[in-house]
> 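Once you've had a glance at the structure underneath, I'll fire off some questions.
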Amino acid sequence: MFEALARSSLPAHEKMLYMLEIELRDNYNTLNEHAFWEKDFTPEEWKRFAEALKIKLEEADRIKDTIYSLSWQRDYAVDRLIDALGKAGIFEEIIPICESEAEKTGNYVRLVRVLLDSGQKTKAEEWIYRGIKETREFEPETAYQLWQILLEIKEKEEDWLFAAALETEEFFRSPEIDRYLSVRETSKKAGKWQEILEAILRYLKNGELPEGQAKTTKVKAGKFKTEEEASILPALSRRQDFWNPAH
């Protein structure tokens, strides 16, 4: 089928759109069509494909039963669109599209990575804070991915104080041995291990959280809910010593 498509008389951008729609119907990822996208298409062909795909996505906003409507399908199609725009040399459209999609679908991770790749670190961090706030309750995996990206940024900058604060807050949200070891390693680099250790011990002994941490209460079925959702993000930039009992 792929060989027949490659040899057909269809314009290249129509072949690309056809291939994409085959992928979007392949719910179990059984096809091996990657070689198709590695063909030597011209920038003009990528541009035409991108324009056709934008029309499809706009239609999906109005008609919810298209193959572009489901979350994973739309995300995949937008990934193809971003790739096509880059290969067509239309870089100025990529970030606005990613911003719009983040608000529509909650794909903050893609936007943040695109911003970092373009050298816009400050803006990327702003979207990380926003994304964590928007997804922490209902899409915790997305929030955690954003948290990891922020941690990587701070470690690369050797901003160990910020990194230690991130690790420490995450420990109080989920006190596990692996997280404890990460807190110890990072906070030693920040020169704050003794203060953090004292705060951890108080918490483990009597449940006392450092100021600024979210408090939880037990509800039905053994679950917990947040009474006061406080976080070092983005307030950390103003209060990096949140774990100090004197503050």
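What's counted below: heavy atoms across the whole structure, side chains too, no hydrogens, waters or symmetry copies. Just so it is clear, the structure is predicted and the values come from calculations on it, not from any experiment.
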> For a side-chain contact (heavy atoms from CB on, under 4.5 Å) check, start with the C-alpha distance between Lys15 and Ser8, then their side-chain angles and the critical distance, and finish with the verdict.
CA-CA 8 Å; Lys15 294 180 186 179; Ser8 76; 3.4 Å; yes

> With under 30° as parallel and over 60° as perpendicular, where do the rings of Phe172 and Tyr203 fit, or are they tilted in between?
perpendicular

> Measuring from atom NZ of Lys205 to atom CG of Leu201, what distance do you get when rounded to the nearest 0.5 angstrom?
5.5 Å

> What is the minimum heavy-atom distance between Thr142 and Gly106, and which atoms define it?
CG2-O, 4.1 Å

> Are Lys154 and Phe162 in a cation-pi setup, meaning NZ or CZ lies under 6.0 angstrom from the ring centre and within 45 degrees of the ring axis?
yes

> How close do Leu111 and Cys98 get, heavy atom to heavy atom, and via which atoms?
CD1-CB, 3.7 Å

> Would a hydrophobic clustering, with Ile, Leu, Val, Met, Phe, Trp and Tyr connected at side-chain separations under 4.5 Å, put Val114 with Ile132?
yes

> Between Glu169 and Arg173, is there a side-chain N and carboxylate O pair less than 4.0 Å apart?
yes

> Looking at Lys56 and Glu21, is any side-chain nitrogen of the basic one under 4.0 Å from a carboxylate oxygen of the acidic one?
yes

> Can you list the steps and then say if Phe36 with Phe41 is a ring-ring contact (aromatic ring centres under 6.0 Å, His included)?
CA-CA 10 Å; Phe36 174 85; Phe41 297 113; 5.6 Å; yes

> Can you establish whether the number of heavy atoms outside Lys87 located under 6.0 Å from its atom NZ is more than 12?
yes

> Please determine whether ring-ring contact (aromatic ring centres under 6.0 Å, His included) holds for the pair Tyr108 and Trp147, giving the CA-CA distance in whole Å, both sets of side-chain angles, and the decisive distance to 0.1 Å.
CA-CA 11 Å; Tyr108 294 95; Trp147 177 89; over 10 Å; no

> Which heavy-atom pair separates Gly191 from Glu195 by the least distance, and what is that distance?
O-OE1, 4.2 Å

> Between Ser174 and Glu176, is there a side-chain donor-acceptor contact under 3.5 Å, judged purely by atom types and distance?
yes

> Taking Ser187 for its side chain and Arg184 for its backbone only, find out whether a donor-acceptor pair lies under 3.5 Å.
yes

> What verdict does the side chain to side chain donor-acceptor pair (under 3.5 Å) test give for Tyr76 and Arg80, after you've listed the backbone C-alpha separation in whole Å, the side-chain angles of each residue and the deciding distance to 0.1 Å?
CA-CA 6 Å; Tyr76 189 84; Arg80 285 292 184 205; 3.0 Å; yes

> Apply the test side chain to side chain donor-acceptor pair (under 3.5 Å) to residues Glu23 and Trp37: give CA-CA distance (whole Å), side-chain angles for both, the deciding distance (0.1 Å), then the verdict.
CA-CA 12 Å; Glu23 292 178 298; Trp37 298 106; 3.3 Å; yes

